[in-house]
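The structure appears right after this line, and notes come after that.
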Protein chains: 2
Amino acid sequence: MANSPSGDSAIERLVRILETFSTDRTVQTAAEIGRRAGLPSSTAHRIVDDLVEAGLLERDEHHRVRLGMRLWELALRGSRALRLRQAALPFMERVQARLREHTQLAVLEQDEALFLERLSSPTSGANITRVAGRLPLHASSSGLVLLAYADADVVERVFAKPLQAVSPETITDAAVLRRALADVRRRGHVVAPGSIERVSTGVAVPVRDERGHVIAALSVVLPRDSGAEAAAIEELTAASAGITRTLGRRRE
Amino acid sequence: MANSPSGDSAIERLVRILETFSTDRTVQTAAEIGRRAGLPSSTAHRIVDDLVEAGLLERDEHHRVRLGMRLWELALRGSRALRLRQAALPFMERVQARLREHTQLAVLEQDEALFLERLSSPTSGANITRVAGRLPLHASSSGLVLLAYADADVVERVFAKPLQAVSPETITDAAVLRRALADVRRRGHVVAPGSIERVSTGVAVPVRDERGHVIAALSVVLPRDSGAEAAAIEELTAASAGITRTLGRRRE
DNA sequence: GGATGGTTTCCCATTCATCGGGAAACAGTC
DNA sequence: GACTGTTTCCCGATGAATGGGAAACCATCC
């Protein structure tokens with residue numbers, strides 16, 4: 001942009017604006033967006049107007065603004081996320097039907113676990129993960145799986161920073177984490193009690209594409225001492241294989 | 001932009017670029033994007049680079065480019081589409097489990113029916129709708145429902161243009177369409193045989209938000225003469241009510 | 001091997017769209 | 001009605017984005 005002392009491109013700016021939205025902040029005024037994105041009020045207004053014009057944002061009855069369906073549509077058409085989600089959903093449903101616990105699909109994105117889909121259990125409690133939400137790689141069963149099969153540079157970056165504790169039982173020691181990752185690779189699954197919440201255990205397995213690359217993690221959250229770990233591993237492994245098979249078949 | 005004879009804003013341009021992607025065109029070269037979006041090659045390359053930098057696009061092994069997970073994430077956080085989809089999914093699953101036919105959720109977006117979710121039937125045939133796909137309002141059962149409860153200006157715009165036939169049985173006569181819409185409002189559902197495919201019948205009902213506004217259409221696609229219409233209407237109506245109830249409960 | 005069609009990268013002078021300060025109109029709210 | 005926050009408008013200066021062109025880079029095919 002001309003005359004932008006902030007020194008960022010138009011696109012970075014757009015991303016910053018979109019980032020001001022979140023699950024618990026779905027509507028805001030143009031001024032709020034400006035403040036959060038570090039933009040002068042008049043600039044923020046102009047850009048927001050443009051975005052509304054283009055359909056990426058929508059106005060509600062109070063002239064406030066929220067993410068538009070058109071953005072959703074543009075982001076999904078032909079996205080990897082959609083294809084993977086479509087392939088995975090039927091199998092996730094089966095897992096959910098059998099185990100009746102939170103069932104989740106996550107991918108590695110910018111050194112974090114990004115959750116593409118979740119089927120919630122009506123019985124079981126808190127929802128720690130959310131669709132389009134993120135968790136650190138070392139602090140969730142899905143993350144551990146993704147990290148275990150991740151490229152070397154990702155692993156390096158994760159170990160370069162201190163391992164933040166999410167719960168009292170999060171792995172924060174690098175050596176312990178390395179052993180855990182080796183374990184995942186050896187066993188092909190992970191059982192992580194209390195890594196996020198003390199009362200629950202995450203069980204996760206890798207999901208591979210048609211060429212054998214790990215592209216996602218499939219997981220369930222069990223109550224801490226349900227004793228259902230073995231059954232969960234079995235269900236998840238079967239589902240994972242099914243997803244891979246589906247991905248192999250071109251065009252659903 | 002400085003020096004842009006095309007006379008369009010940076011955002012329109014971005015939208016045009018994103019629009020070059022589709023379900024059957026998920027990866028392309030920067031040059032292809034430029035051509036499709038009507039941009040000079042050097043400009044296209046620069047913008048694509050920026051988008052990759054920002055994570056909105058991703059490169060594959062051949063330096064070609066596709067929609068990025070980050071875009072997906074940004075588009076979903078707090079979007080209306082996500083919330084609605086989340087609320088609807090369990091009910092859609094139930095419908096699908098009972099009827100074993102394609103089950104779909106669509107919203108009105110820019111005078112067309114935009115499909116937010118679909119659960120496919122393993123038994124039943126072709127997939128006419130796709131997640132993030134669109135259909136004309138007058139040529140699908142979902143569309144008819146959405147149109148029946150749409151704002152006057154939408155209706156006006158639809159009737160302003162000639163009604164394109166999608167299949168031999170698509171409603172193309174304005175008077176017939178008006179009667180059909182009145183029917184939908186009176187009955188609270190629609191049964192549309194052959195509007196898209198000769199061999200199938202669409203059955204759709206409106207989905208209302210907590211305040212009673214119609215915000216979506218829920219539909220199933222039945223084989224033409226299955227005789228399951230009545231059962232479908234009943235299932236869909238129950239599901240629709242369930243979705244409304246779920247939406248009423250704040251924060252899932 | 002080398003010729004070919006396409007893609008990508010780099011360079012650079014021009015230009016006009018973007019930026020943002022400020023002030024006034026416009027809500028909502030207490 | 002006074003107040004606080006939001007939105008809309010205006011406008012001059014600035015420099016970032018533009019796009020033409022040429023060269024480097026790849027595949028692929030003959």
Side-chain angles (χ1 to χ4, degrees), chain A residues 1-22 24-68 71 78 211, chain B residues 1-22 24-68 71 78 211:
Chain A
M1 310 286 90
N3 193 19
S4 56
S6 355
D8 49 5
S9 83
I11 290 159
E12 283 176 44
R13 193 163 246 170
L14 173 66
V15 170
R16 279 221 309 288
I17 289 179
L18 295 182
E19 275 174 341
T20 63
F21 292 90
S22 69
D24 19 50
R25 164 154 243 95
T26 68
V27 293
Q28 14 181 16
T29 70
E32 272 179 312
I33 293 177
R35 242 172 289 127
R36 269 173 233 285
L39 262 51
S41 167
S42 65
T43 304
H45 274 87
R46 190 170 25 78
I47 298 180
V48 166
D49 280 352
D50 283 358
L51 291 171
V52 170
E53 175 80 16
L56 302 191
L57 298 182
E58 291 171 358
R59 304 213 109 106
D60 70 358
E61 52 272 29
H62 302 296
H63 279 83
R64 291 182 312 176
V65 96
R66 77 184 142 204
L67 296 178
L71 177 60
R211 285 173 299 174
Chain B
M1 314 281 87
N3 193 19
S4 56
S6 355
D8 49 5
S9 84
I11 288 157
E12 283 176 44
R13 191 162 252 171
L14 173 66
V15 170
R16 278 221 310 286
I17 289 178
L18 295 182
E19 274 173 341
T20 64
F21 292 89
S22 69
D24 20 49
R25 166 155 241 93
T26 68
V27 293
Q28 13 182 17
T29 70
E32 272 179 312
I33 294 177
R35 239 172 292 127
R36 270 172 231 286
L39 264 52
S41 167
S42 64
T43 305
H45 275 86
R46 192 170 23 76
I47 298 180
V48 166
D49 281 352
D50 282 359
L51 290 171
V52 170
E53 175 80 16
L56 302 192
L57 298 182
E58 291 171 359
R59 302 214 110 105
D60 70 358
E61 53 271 29
H62 302 297
H63 278 84
R64 291 182 312 176
V65 97
R66 77 185 141 202
L67 296 177
L71 176 61
R211 285 172 300 173

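Reminder, nothing fancy here: chain letters follow the sequence lines and each chain counts from 1. Computed from heavy atoms alone, side chains included, the values below leave out hydrogens, waters and symmetry copies.
- The CD1 atom of A/Ile47 lies 4.5 Å from the CD1 atom of A/Ile17; values are rounded to the nearest 0.5 Å.
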Set out, line by line, the N/O atom pairs under 3.5 Å between protein and nucleotides 5-7 of chain C.
{"residue": "C/dT7", "atom": "OP1", "partner": "B/Arg35", "partner atom": "NH2", "Å": "3.3"}
{"residue": "C/dT7", "atom": "OP2", "partner": "B/Arg35", "partner atom": "NH2", "Å": "2.7"}

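- At C/dT18, none of the side-chain N or O atoms of A/Arg46 fall inside 4.0 Å of OP1 or OP2 (strictly under the cut-off).
- As a whole-Å value, the separation of A/Asp60 CG from C/dA27 P is 15 Å.
- Paired with B/Ile33 under the rule side chain to side chain contact (heavy atoms under 4.5 Å, CB included), one option of B/Gln28, B/His45, B/Arg64 passes, and it is B/Gln28.
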N/O-N/O pairs, protein side and nucleotides 20-28 of chain D side, under 3.5 Å:
{"residue": "D/dG20", "atom": "N7", "partner": "B/Ser42", "partner atom": "OG", "Å": "3.3"}

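- Under 4.0 angstrom from either OP1 or OP2 of C/dC19 there lies at least one side-chain N or O belonging to A/Arg13.
- Distance A/Ile33 CD1 to D/dT6 P: 12 Å, rounded to the nearest Å.
- Side-chain contact check for A/Glu32 versus A/Val27: every heavy-atom pair is 4.5 Å or farther apart.
- Smallest separation of non-hydrogen atoms from B/Arg36 and B/Arg25: NH2-NH2, 2.8 Å.
- Between B/Leu14 atom CG and D/dA17 atom P the separation is 14 Å, expressed in whole Å.
- Distance CD1 (A/Ile11) to C1' (D/dT18): 14 Å, rounded to an integer number of Å.
- Protein atom CD of B/Glu12 is 16 Å distant from nucleotide atom C1' of D/dT18, rounded to whole Å.
- Counting to the nearest Å, the C1' atom of D/dG19 and the CD1 atom of B/Ile47 are 11 Å from each other.
- Distances shown here put every side-chain N or O of B/Thr43 at or beyond 4.0 Å from the OP1 or OP2 atom of D/dT18.
- Spacing between atom CG of B/Asp49 and atom P of D/dG19 amounts to 16 Å, rounded to whole angstrom units.
- The shortest non-hydrogen separation linking B/Ala44 to B/Gly34 is CB-CA, 3.5 Å.
- A/Thr20 places none of its side-chain heavy atoms less than 4.5 Å from the side chain of A/Arg16.
- Counted within 6.0 Å of CD on A/Glu53, heavy atoms from surrounding residues, nucleotides or ligands total 12 or fewer; the atom is thus considered open.
- With B/Leu57 as reference, B/Val65 is the one residue of B/Val65, B/Asp49, B/Leu71 to meet the side chain to side chain contact (heavy atoms under 4.5 Å, CB included) rule.
- Interatomic distance, CZ of A/Arg13 versus CG of A/Leu18, reported as 13.5 Å (0.5 Å rounding).
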